[in-house]
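Down below is the structure, laid out as C-alpha cells.
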Amino acid sequence: RALRRPWLVSVSLAAAGALVSLVLLTRPGSGQLWVALSNLIITALLGVWITYSDIRTRLIPNAAIPTLAVLYIATLLAGVAYGWLSGADVLRAAAAFAIVGVAYALLFIAGGTSPGDVKLAATLALAVGGFGWPAVIIGALGSYLLALPEAVIRWASKARQAGMPFGPYLVAGTLLALVGVLLQWW
C-alpha cells in the first residue's frame, strides 16, 4: 500500500537515512569515513526500494532521485562544514554527477539504457564523487561487471526482449565503491 504513495516511502526512508547520518556525522574521528558510511546507509536504505521497484515494474521511482540527491548533497556539505571534505571534493562530486550523467545519456540515446537509469546513475555519482575518481569509476563500471552474469544468461536464453532492470546493479556498484572507500581500498 505504501508503494502507491512513493513520496511517503521516500520521505520515510530519507528520514531514517538522515537520522543515522546526523548521528554519524556528529561523531569525532576520521570524518571522511563517516561521510562515506552515511552515504552507504542512505544508498542501502533507498536502494532496497529502488531495487524492488525496478525488478517488479521496470521503473525507478522518480521520488527516489531527488531524495537521494538532497541527502548526498547534505552529507557533502556536512563533510565540508566539519573540515572532513574540501571544496575540491565537492567540485569533484559535481563533476562526477555531470560526467556520469552525460555518459549514461549517450547510452540512452544509443538505446542501451532507460531514462531512469540515467537519472539514477548521475545521482549515485554524487555519493562516491567526493572520495576520488577511482570510487567513481568503480561505482559506474562495477555496475556493468555485476550485471554481466545476468546479461549473459538472458542473451543465451533469448530473453533479451524482456529488458533487464539495471537499477539494482547501479545501486550495488555504488555500494561496492563506498565499501571500498570505507576499507580504504582506493
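- With rounding to the nearest 0.5 angstrom, the OG atom of Ser38 is 11.0 Å from the CG atom of Leu33.
- In this structure, Ile42 CD1 and Thr174 OG1 are separated by 12.5 Å, a value rounded to the nearest 0.5 Å.
- Residues passing the side-chain contact (heavy atoms from CB on, under 4.5 Å) test with Val80 are Leu85, Val90, sequence neighbours excluded.
- A side chain to side chain contact (heavy atoms under 4.5 Å, CB included) with Pro168 holds for exactly one of Ile60, Ile50, Thr51, Val48; it is Thr51.
- The two residues Leu145 and Pro149 make their nearest non-hydrogen contact at O-CD, 3.6 Å.
- Listed here is the closest heavy atom pair of Ala135 and Ala177: O-CB, 3.3 Å.
- Between the CG atom in Leu183 and the CG atom in Leu178 there is a gap of 11.0 Å [rounded to 0.5 Å].
- Scanning all heavy atoms of the two residues, the minimum distance from Pro66 to Ala63 falls at CD-O, 3.6 Å.
- Of the residues Leu126, Val136, Val102, Leu124, the one that meets the side chain to side chain contact (heavy atoms under 4.5 Å, CB included) test with Phe97 is Leu126.
- The salt bridge (charged side-chain N to carboxylate O under 4.0 Å, His left out) analysis of residues 67-94, with sequence neighbours excluded, yields the pairs Asp89-Arg92.
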query: Checking side chain to side chain contact (heavy atoms under 4.5 Å, CB included) for the pair Phe108/Asp117: CA distance, chi angles, key distance, verdict?
result: CA-CA 9 Å; Phe108 170 69; Asp117 294 336; over 6 Å; no
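- The two atoms that bring Gly173 and Leu146 nearest to each other are N-CD1, 3.8 Å, heavy atoms only.
- Residues Val179 and Ile137 do not share a hydrophobic cluster, clusters being chains of Ile/Leu/Val/Met/Phe/Trp/Tyr side chains in contact below 4.5 Å.
- Among all heavy-atom pairs drawn from Pro165 and Arg154, the shortest one is CD-NH2, 4.1 Å.
- Judged purely by atom type and a 3.5 angstrom limit, Ser53 has no side-chain atom pairing as donor or acceptor with the backbone of Trp49.
- Aromatic ring orientation, Trp84 versus Tyr82: parallel (interplanar angle below 30°, classes split at 30° and 60°).
- In this structure, Phe131 CZ and Leu182 CG are separated by 8.0 Å, a value rounded to the nearest 0.5 Å.
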